[in-house]
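Reading through the structure tokens given below for one structure.
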Amino acid sequence: MVHISFDYTQVLPFVSQDEIKLFERECSLHRKNIYQRKGKGSDFLGWVDLPEKTDHALLNRLEADALAIREQSEVVVVIGIGGSYLGARAVIETLSDAFPKSDVQGMNSPNVIYAGHHLDADYHHALLKYLDNKDYSVIVISKSGTTTEPAIAFRLIRKHIESKYGINGASQRIYAITDAQRGALKQLAVQQGYTTYDIPDDVGGRYSVLAPVGLLPIAVAGIDVRKIIEGARAMATTLKKNDRLDNNPAARYAVIRNILYNKGKTIEILVGYNPSLMYFIEWWKQLFGESEGKDGKGIFPAGLGFTTDLHSMGQYIQDGLKNVFETVITVGKSRKTINIPGDDENLDGLNYLVDQGLDHVNATAARATMMAHVDGAVPNLEIHIPVIDAHNLGELIYFFEMACAISGYILDVNPFDQPGVESYKRNMFALLGKPGLEKEAKALRERLK
Ligand code: PA5
């Protein structure tokens, strides 16, 4: 039994049950290809049974290292980009309190901060300055071990940590998560004696949050990684045993979003009503954007936080171009309750809400908005989580991973590669003067004149 549920009733004015049923056979075939490792990009289907394969030995090791890192650090710098960054940040930010230093397990946690996910000089300058007076450790994550942004950040931070703690001291504080055999980071880690974790060959970046890529930083933040895996396992079991569209929510979600796409709804907005979900939405954007946006096709995944963005983008959604649909994450109960207090003067006119929970007001806003948007020809899908906790987040992660794979196969693309990402890199390397790209550099410089 899984806790999260998928509701598509608000899409039925736009998509009929018969249209959904037409995908029954095709979807079953895609599912078979995924489980039998036969579909496009089948070398990267290792994520399918990652929850099942994550055993006690790995979890024990992760927890022991996380504890050692927590004990020796006020700050932990997680270096990575894309799939080597967003999953950990998504889970940590979703499950941490809004204000720092009171982590989910009630003890002080190190402040987890991030680097290597952009090239901004001011940010990195400020980061190194901030680290001057902190005891810190580093988790550097890169599957290829050669990605420019994290490599530059790691070079900067390595110099800093080595001058602070000495080469040997620094080696005790650097944890590398990378390919088991290949890449510059692997080589350096072996040479310097860093603690390392392997990223399985058959798990791509954006599907790696349930591997040490996500699990080590998440454990360092004080979050129970066993619960995340338990939730992912529950979802994996449910999705595996249910082959029909009416009992497989990930397959149904994948089918409906493709039907909407074929009807001109080319933008999907993932909406959260809880600001803690912001980075989860970022993770989802990468998962679907990098997996599906190729061969001239793909739904454009966008993300918004309501009710905040109802006061900015709400106008467009209600009244703008009708090429949008929404998938709304609703939450049954917040972790803490807070009620609206009474006020004798009632100048703000809010006394009709006295003693109502903010939860109730937020949920009502969600319900009201969904109805308004459906009236404005914006189909709405709903994913309901009873409460935001580690188990349910594990369920949600696996739900979206499976939905993305099925959806990519329906779209007839390889959801596990990202050839388009190379184009900017090649231009950047050429313009920066990387040896071997002199011809490309000349052509690009001509264009810049
Ligand atoms: O999903 C992906 O494969 C990418 O987003 C990668 O995770 C990202 O480019 C980082 O790559 P690497 O882990 O090799 O540094």
Side-chain angles (χ1 to χ4, degrees), residues 40-48 50 77-92 114-119 138-158 174-189 194 196-218 279-294 298 301 303 397-398 400-405 407-408 413-429 434:
K40 285 189 179 180
S42 56
D43 287 349
F44 288 94
L45 282 161
W47 57 271
V48 174
L50 207 49
V77 191
V78 177
I79 302 176
I81 195 166
S84 291
Y85 154 67
L86 280 164
R89 189 161 193 177
V91 174
I92 292 169
Y114 303 88
H117 53 301
H118 54 70
L119 295 163
V138 174
I139 302 175
V140 53
I141 310 166
S142 176
K143 184 164 190 204
S144 62
T146 53
T147 307
T148 311
E149 292 89 340
I152 290 177
F154 186 48
R155 186 183 272 218
L156 292 169
I157 291 168
R158 202 179 134 214
I174 297 175
Y175 293 73
I177 305 178
T178 188
D179 188 89
Q181 322 281 342
R182 294 172 296 269
L185 180 58
K186 178 69 186 178
Q187 212 181 327
L188 186 67
Y194 304 153
T196 59
Y197 282 88
D198 297 340
I199 306 176
D201 270 350
D202 55 1
V203 177
R206 58 193 174 274
Y207 288 83
S208 68
V209 54
L210 300 173
V213 173
L215 296 181
L216 183 63
I218 291 168
Y279 273 93
F280 188 82
I281 293 172
E282 288 301 306
W283 170 82
W284 173 91
K285 274 162 60 181
Q286 188 214 354
L287 180 66
F288 280 84
E290 218 172 8
S291 299
E292 293 196 312
K294 52 196 68 158
I397 287 168
Y398 196 89
F400 278 130
E401 287 180 345
M402 184 55 81
C404 185
S407 183
V413 296
N414 175 355
F416 309 113
D417 66 0
Q418 53 283 328
V421 179
E422 293 311 311
S423 309
Y424 101 88
K425 288 189 192 166
R426 204 168 170 79
N427 283 357
M428 177 178 74
F429 292 145
K434 190 170 180 175

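Computed from a predicted model, the values in this text were never measured in an experiment. Counting starts at 1 for both ligands and their atoms, following the listed order.
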Side chain to side chain contact (heavy atoms under 4.5 Å, CB included) between Lys186 and Tyr194, worked out
CA-CA 9 Å; Lys186 178 69 186 178; Tyr194 304 153; over 6 Å; no
- Message: Are Tyr207 and Phe44, when compared by the centres of their aromatic rings, separated by less than 6.0 Å?
- Response: no
Parallel, tilted or perpendicular: rings of Phe416 and Trp47 (30°, 60°): tilted
Report task. Step by step, work out the side chain to side chain contact (heavy atoms under 4.5 Å, CB included) result for Arg158 and Ile79. Result -> CA-CA 11 Å; Arg158 202 179 134 214; Ile79 302 176; over 6 Å; no
Chain-and-number sorted residues having a heavy-atom contact under 4.0 Å with ligand 1 are Ile81, Gly82, Gly83, Ser84, Ser142, Lys143, Ser144, Thr147, Gly205, Arg206, Gln286, Glu290, Gln418
Check your understanding: Do the rings of Phe280 and Trp283 sit parallel, tilted or perpendicular, given the 30° and 60° boundaries?
Key -> tilted
Quiz item: When you measure from the side chain of Lys294 to the backbone N and O of Asn414, does any donor-acceptor pair fall under 3.5 Å?
Solution: yes
